[in-house]
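Each remark here refers to the structure printed beneath this line.
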Amino acid sequence: MLRVAVLGAGRIGSIHAANVVANTSSKLVAIADPIGDAARNLAERLDCEASLDPIATIERDDIDAVIIGTPTDTHVSLMLHAVSRGKAVLCEKPIDLDIVKVDAAVADINRLGGRVMLAFNRRFDPSAAALRRAIDAGEVGNVHQVIITSRDPGLAPREYLAHSGGIFRDMTIHDFDMARFFLREEPIEVMAFGSRLIDPTLEEFGDFDTVMVQLRTASGKQCHINCSRQAVYGYDQRFEIFGSAGQVLNDNLRSTTIRRWTRSATEVREPLMNFFLERYADAYRLEFEAFAKAVRGNGPMPVTVQDGRQALRLADCALESVLTGHAVKV
Ligand SMILES: NC(=O)c1ccc[n+]([C@@H]2O[C@H](COP(=O)([O-])OP(=O)(O)OC[C@H]3O[C@@H](n4cnc5c(N)ncnc54)[C@H](O)[C@@H]3O)[C@@H](O)[C@H]2O)c1
């Protein structure tokens, strides 16, 4: 049994905690959250212990692994504390918003031999994983272009946006990771555009709501990412991988597969799954299974802190490109 504590009883912590409970080879021992009744309420629902003290929870002898689902600015200190106590860690993205801090943390983790997995859940989405298997099997030949469409259904609350670190580091960071996952080469150059077409007041935070990014690898493979904070028709998540022997792509998911034909319209389908907690429910579950398997079997972490670092670097390059109007070398 892998004995797990979840730190942070908010949106993502609740998902992770439920997935630990659903995993038959793991045990959810405790949930820690210093604010209000969040830990107690979630712990009551999932039948485990609650704590207001994340540090004391990390230090418990009966905890093998911790999942960090806390606000981004707490990730590094909690992660390093857990690693220093010999605990395996599944840490939410981004590691931090400051790449200097991230580089120092990665060096510390490596020095301590830390076992940390970055929670880039989209890699574990069954469709995304199938696309990657198709690429690995040579179905598209040499990958030439990856096209990623990633649109949220609506703007996050203003309070969230004020502290998110901006669209590239908060939202597009998933897409930068998926670009690396599908390209299987490091991007070496980034060109990006950013606009405020939905909420002009985002200028107050130096943020954008509509961005397009171009990536290029050393061998010339290309990736195009388009991100919007607001697609009125719902959460739009698509990948297209084009290569010398063909292409593979996925469709958006819906709650059922039915289509309707009426006088006014044909082929009308259900709305898109909304939002990430529903759309990526399987991905979060499979992500935890992969983490638990790696920890139990002492195998390599399926997604590393270096992956988290690289995605953040691409986010920083994209922002620099928007601000300077130039392509930026990674
Ligand atoms: N992978 C994904 O799809 C995904 C989705 C959403 C959020 N996230 C990431 O997860 C993190 C949390 O986001 P959220 O939306 O769940 O936030 P949230 O605000 O809903 O939840 C965060 C919780 O952490 C608690 N907390 C604050 N400081 C803490 C500490 N030191 N120790 C323990 N708990 C603490 C807060 O009280 C709150 O309950 C962020 O880094 C975010 O980028 C990832």
Side-chain angles (χ1 to χ4, degrees), residues 5-19 30-43 45 49-60 63 66-82 89-98 101-102 105 117-125 128 150 152-153 156-178 181 227 229 235 237 273-288 290-291 302-303 305 307-308 311-312 315:
V6 171
L7 312 182
R11 290 189 305 174
I12 204 73
S14 307
I15 293 292
H16 288 309
N19 283 331
I31 296 168
D33 191 315
I35 298 169
D37 294 332
R40 190 159 51 83
N41 290 342
L42 186 59
R45 191 149 57 79
E49 294 176 44
S51 169
L52 293 169
D53 187 343
I55 297 297
T57 303
I58 289 171
E59 291 177 353
R60 284 174 62 150
I63 301 284
V66 298
I67 301 178
I68 300 177
T70 57
T72 300
D73 60 356
T74 65
H75 290 178
V76 166
S77 59
L78 292 171
M79 184 169 25
L80 290 177
H81 196 78
V89 177
L90 174 62
C91 180
E92 265 309 333
K93 50 54 65 176
I95 302 174
D96 193 84
L97 299 177
D98 178 354
K101 200 170 161 190
V102 168
M117 173 169 159
L118 235 283
F120 280 131
N121 58 294
R122 291 183 194 180
R123 293 189 184 205
F124 301 91
D125 172 63
S150 180
D152 280 359
R158 203 165 175 75
E159 168 64 14
Y160 178 88
L161 294 171
H163 300 104
S164 72
I167 187 168
F168 292 119
R169 296 188 189 108
D170 173 55
M171 178 181 170
T172 322
I173 196 156
H174 279 291
D175 308 300
F176 289 125
D177 182 62
M178 293 312 284
F181 184 59
C227 264
R229 286 277 194 192
Y235 192 39
Q237 296 285 295
M273 271 192 181
N274 200 35
F275 178 23
F276 59 91
L277 298 178
E278 293 79 27
R279 168 63 184 83
Y280 285 116
D282 284 341
Y284 294 120
R285 178 177 52 77
L286 294 164
E287 172 183 70
F288 176 70
F291 170 71
V303 191
V305 276
D307 291 317
L312 183 65

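The structure displayed is predicted, hence computed values, not measured ones. Order of appearance sets the numbers: ligands from 1, and atoms from 1 within every ligand.
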Which residue owns the protein heavy atom closest to [atom], what's the atom, and how far is it?
| atom | result |
| --- | --- |
| atom 43 (O) of ligand 1 | Lys93 O, 2.9 Å |
| atom 35 (C) of ligand 1 | Pro34 CD, 3.3 Å |
| atom 27 (C) of ligand 1 | Pro71 CD, 3.2 Å |
| atom 21 (O) of ligand 1 | Gly10 CA, 3.2 Å |
| atom 1 (N) of ligand 1 | Glu92 OE1, 2.9 Å |
| atom 20 (O) of ligand 1 | Arg11 N, 3.0 Å |
| atom 11 (C) of ligand 1 | Thr70 O, 3.2 Å |
| atom 23 (C) of ligand 1 | Asp33 OD2, 3.6 Å |

- Do the rings of Phe176 and Phe168 sit parallel, tilted or perpendicular, given the 30° and 60° boundaries?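 Judged by the thresholds at 30° and 60°, the geometry between Phe176 and Phe168 is tilted.
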- Give me the ring orientation class for Tyr284 and Tyr280: parallel if the planes are under 30° apart, tilted from 30 to 60°, perpendicular past 60°.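 Rings of Tyr284 and Tyr280: perpendicular, over 60°.
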- Message: side-chain contact (heavy atoms from CB on, under 4.5 Å), that's the test. Do Asn121 and Phe276 meet it? Break it down for me.
- Response: CA-CA 10 Å; Asn121 58 294; Phe276 59 91; over 6 Å; no
[X]: heavy atom below 4.0 Å from ligand 1, yes or no?
| X | result |
| --- | --- |
| Arg122 | no |
| Gly36 | no |
| Tyr284 | yes |

- Task: Under the salt bridge (charged side-chain N to carboxylate O under 4.0 Å, His left out) rule, what do Asp177 and Arg122 come out as? Steps first, then yes or no, please.
- Result: CA-CA 9 Å; Asp177 182 62; Arg122 291 183 194 180; over 6 Å; no
For ligand 1, which atoms sit closer than 4.0 Å to a heavy atom of [X]?
| X | value |
| --- | --- |
| His75 | 41 (O) |
| Phe276 | 5 (C), 6 (C) |
| Ala119 | 1 (N) |
| Ile35 | 37 (O) |
| His174 | 1 (N), 2 (C), 3 (O) |
| Pro94 | 43 (O) |
| Ala32 | 33 (C), 34 (N) |

Drop me the distance from [X]'s [atom1] to [Y]'s [atom2], to the nearest 0.5 angstrom.
| X | Y | atom1 | atom2 | value |
| --- | --- | --- | --- | --- |
| Thr70 | Leu78 | OG1 | CG | 5.0 Å |
| Leu7 | Asp33 | CG | CG | 9.0 Å |
| Phe181 | His174 | CZ | NE2 | 14.0 Å |

- Task: Closest by any non-hydrogen atom to atom 22 (C) of ligand 1: pick that one out of Gly8, Ser51, Gly69.
- Result: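 Selected option, by shortest heavy-atom distance: Gly69.
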What about [X]: any of its N or O atoms under 3.5 Å from an N or O on ligand 1?
| X | result |
| --- | --- |
| Tyr160 | no |
| Thr72 | yes |
| Asp170 | no |
| Ile12 | yes |

- Query: Looking at Leu118 and Glu92, what are the two nearest heavy atoms and their distance?
  - Reply: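 The pair with the smallest heavy-atom distance is CD1-O, 4.2 Å.
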- Closest non-hydrogen atom pair, Leu52 against Gly36: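 Closest approach of Leu52 to Gly36, heavy atoms only: CD2-O, 3.8 Å.
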- Task: Go through the steps to decide whether Cys227 and Met171 satisfy the test side-chain contact (heavy atoms from CB on, under 4.5 Å), and finish with yes or no.
- Result: CA-CA 8 Å; Cys227 264; Met171 178 181 170; 4.1 Å; yes
- Task: Start with the C-alpha gap between Ser150 and Gln237, add the side-chain angles, then the distance that decides, and say whether side-chain contact (heavy atoms from CB on, under 4.5 Å) holds.
- Result: CA-CA 5 Å; Ser150 180; Gln237 296 285 295; 3.4 Å; yes
- Item | Evaluation steps, salt bridge (charged side-chain N to carboxylate O under 4.0 Å, His left out), between Arg229 and Asp170 | CA-CA 11 Å; Arg229 286 277 194 192; Asp170 173 55; 3.1 Å; yes
- Item | Criterion side-chain contact (heavy atoms from CB on, under 4.5 Å) on Leu42 and Arg45, from CA distance to verdict | CA-CA 5 Å; Leu42 186 59; Arg45 191 149 57 79; 3.1 Å; yes
- Measure from NZ or CZ of Arg11 to the centre of the six-membered ring of Phe275, then state whether that distance is under 6.0 Å and the direction lies within 45° of the axis.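 Not satisfied by the 6.0 Å and 45° rule.
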- Query: Any protein heavy atom sitting closer than 4.0 Å to atom 17 (O) of ligand 1?
  - Reply: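 There is no protein heavy atom less than 4.0 Å from atom 17 (O) of ligand 1.
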